[in-house]
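What follows is a short report on a single structure.
In what follows, chains carry the letters A, B, and so on, assigned in the order in which the sequence lines appear, proteins first and then strands, with residues in each chain numbered from 1.
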Amino acid sequence: MQRLERAFFRQSAPTLAPQLLGKMLCRKRGRQVLRLRITETEAYYGETDTACHASRGRTPRTAVMYGDGGHAYIYLCYGMHEMFNIVSGGVGFPEAVLVRGVEGFSGPGRLTRGLAITRALNREDLTVSRQLWLEDDGAEAAFTAAPRIGIGYASARDRARRWRFTLRG
DNA sequence: AGTAGGATGGGCT
DNA sequence: GCCCATCCTACTC
């Protein structure tokens with residue numbers, strides 16, 4: 001088991017998102033560590049991506065996306081669902097990968113509830129955290145690409161982008 | 001200071 | 001397929 005480090009997360013979101021498939025999302029709970037394989041991701045890429053929260057510019061909420069790759073961006077959706085994103089790329093360009101599914105939990109709201117991932121972990125540095133991190137166990141990961149979910153407000157061009165990645169098999 | 005709407009999910013028809 | 005719970009963010013006045 002190898003913890004994923006900074007250089008890996010500094011790739012652009014559309015490149016990083018499929019590479020996160022098959023990696024282990026690790027969450028410490030008491031004495032135990034839950035390790036669940038990532039099965040579904042989505043890329044959100046820059047201020048010009050009208051589906052990305054940063055499309056309206058930098059705000060207190062989105063500031064973490066402008067920071068270095070490898071940090072957690074966690075926000076509340078529809079007043080009840082915590083969404084877990086991994087900031088990608090380098091400093092200054094806002095982008096992130098939404099983790100939409102892990103083995104045992106399909107759906108971005110369900111997996112955060114199942115792993116007790118809340119906004120208390122917003123901005124957590126996943127390269128050094130003892131609470132939340134990622135590991136590579138060397139598994140191969142074939143995937144399929146499709147349009148992103150729940151972004152009807154975005155431009156037709158951005159709705160059509162195939163930036164949703166699902167583990168095949 | 002007030003408010004519209006959202007990167008969802010479960011339950012019912 | 002439709003409805004809606006539930007609350008924060010960001011935009012408007």
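Of the candidate nucleotides B:dG9, C:dC8, C:dA10, C:dA10 has the atom nearest to the side chain of A:Arg61. Comparing B:dG9, C:dC11, B:dA7 by their nearest atom to the side chain of A:Arg56 picks out C:dC11. In this structure, the nucleotide among B:dA7, C:dT9, B:dT8 sitting nearest to the side chain of A:Thr59 is C:dT9.
Rounded to whole angstrom, the span from the CZ atom of A:Phe105 across to the C1' atom of B:dG9 amounts to 14 Å. Rounded to whole angstrom, the span from the CG atom of A:Asn122 across to the C1' atom of C:dC8 amounts to 13 Å. Here the P atom of nucleotide B:dA7 and the CE atom of A:Met80 are 14 Å apart, to the nearest Å. Here the C1' atom of nucleotide B:dG5 and the OH atom of A:Tyr153 are 11 Å apart, to the nearest Å. Atom C1' of nucleotide C:dT9 and atom CZ of A:Arg119 are separated by 11 Å, given to the nearest angstrom. Atom CZ in A:Arg148 sits roughly 12 Å away from atom P in B:dT8 (whole-Å rounding). In this structure, A:Asn85 atom CG and B:dT8 atom P are separated by 11 Å, rounded to whole Å. Summarising the geometry, the separation between NE2 on A:His53 and C1' on C:dT9 is reported as 9 Å, rounded to the nearest angstrom.
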- [ ] Would you please test A:Glu135 and A:Arg3 for salt bridge (Lys or Arg N to Asp or Glu O under 4.0 Å) and show each step?
- [x] CA-CA 4 Å; A:Glu135 290 177 0; A:Arg3 182 190 280 236; over 6 Å; no
- [ ] Could you check A:Leu98 against A:Thr41 for side chain to side chain contact (heavy atoms under 4.5 Å, CB included), going step by step and ending with a plain yes or no?
- [x] CA-CA 6 Å; A:Leu98 170 65; A:Thr41 58; over 6 Å; no
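Ring centroid separation for the pair A:Phe93 and A:Tyr45 comes in under the 6.0 Å cut-off. You'll find the ring centres of A:His53 and A:Tyr75 inside the 6.0 Å limit.
With hydrophobic clusters built from ILVMFWY side chains whose heavy atoms lie under 4.5 angstrom apart, A:Val102 does not share a cluster with A:Met83.
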Which pairs, protein N/O on one side and nucleotides 1-3 of chain B N/O on the other, fall under 3.5 Å?
none

Please enumerate all protein N or O atoms sitting under 3.5 Å from an N or O of nucleotides 10-12 of chain B, with distances to 0.1 Å.
{"residue": "B:dG10", "atom": "OP1", "partner": "A:Arg110", "partner atom": "NE", "Å": "3.2"}

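A donor and an acceptor atom, one from each side chain of A:Tyr66 and A:Glu47, are located under 3.5 Å apart. Side-chain contact, A:Thr127 with A:Glu5: no donor N or O sits under 3.5 Å from an acceptor N or O. Side chains of A:Arg168 and A:Thr144: a donor-acceptor N/O pair is absent below 3.5 angstrom, by distance only. No hydrogens or angles considered: nothing links the side chains of A:Thr118 and A:Glu82 as a donor-acceptor pair under 3.5 Å.
Counting any heavy atom pair closer than 4.0 Å across all strands shown, A:Met83 reaches sugar-phosphate atoms only and no base atom.
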- [ ] Go ahead and write out DNA chain C as dot-bracket, 5' to 3': ( ) for pairs within the strand, [ ] for ones crossing earlier pairs, | when the partner sits on another strand, dots for unpaired; Watson-Crick or G-U wobble, both distances under 3.5 Å.
- [x] |||||.||||||.
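With hydrogens and angles ignored, a donor-acceptor pair under 3.5 angstrom links the side chain of A:Tyr75 to the base of B:dA7.
A distance cut-off of 5.5 Å between ring centres, combined with a plane angle under 30°, places A:Tyr44 in a stacking arrangement with the base of B:dA7.
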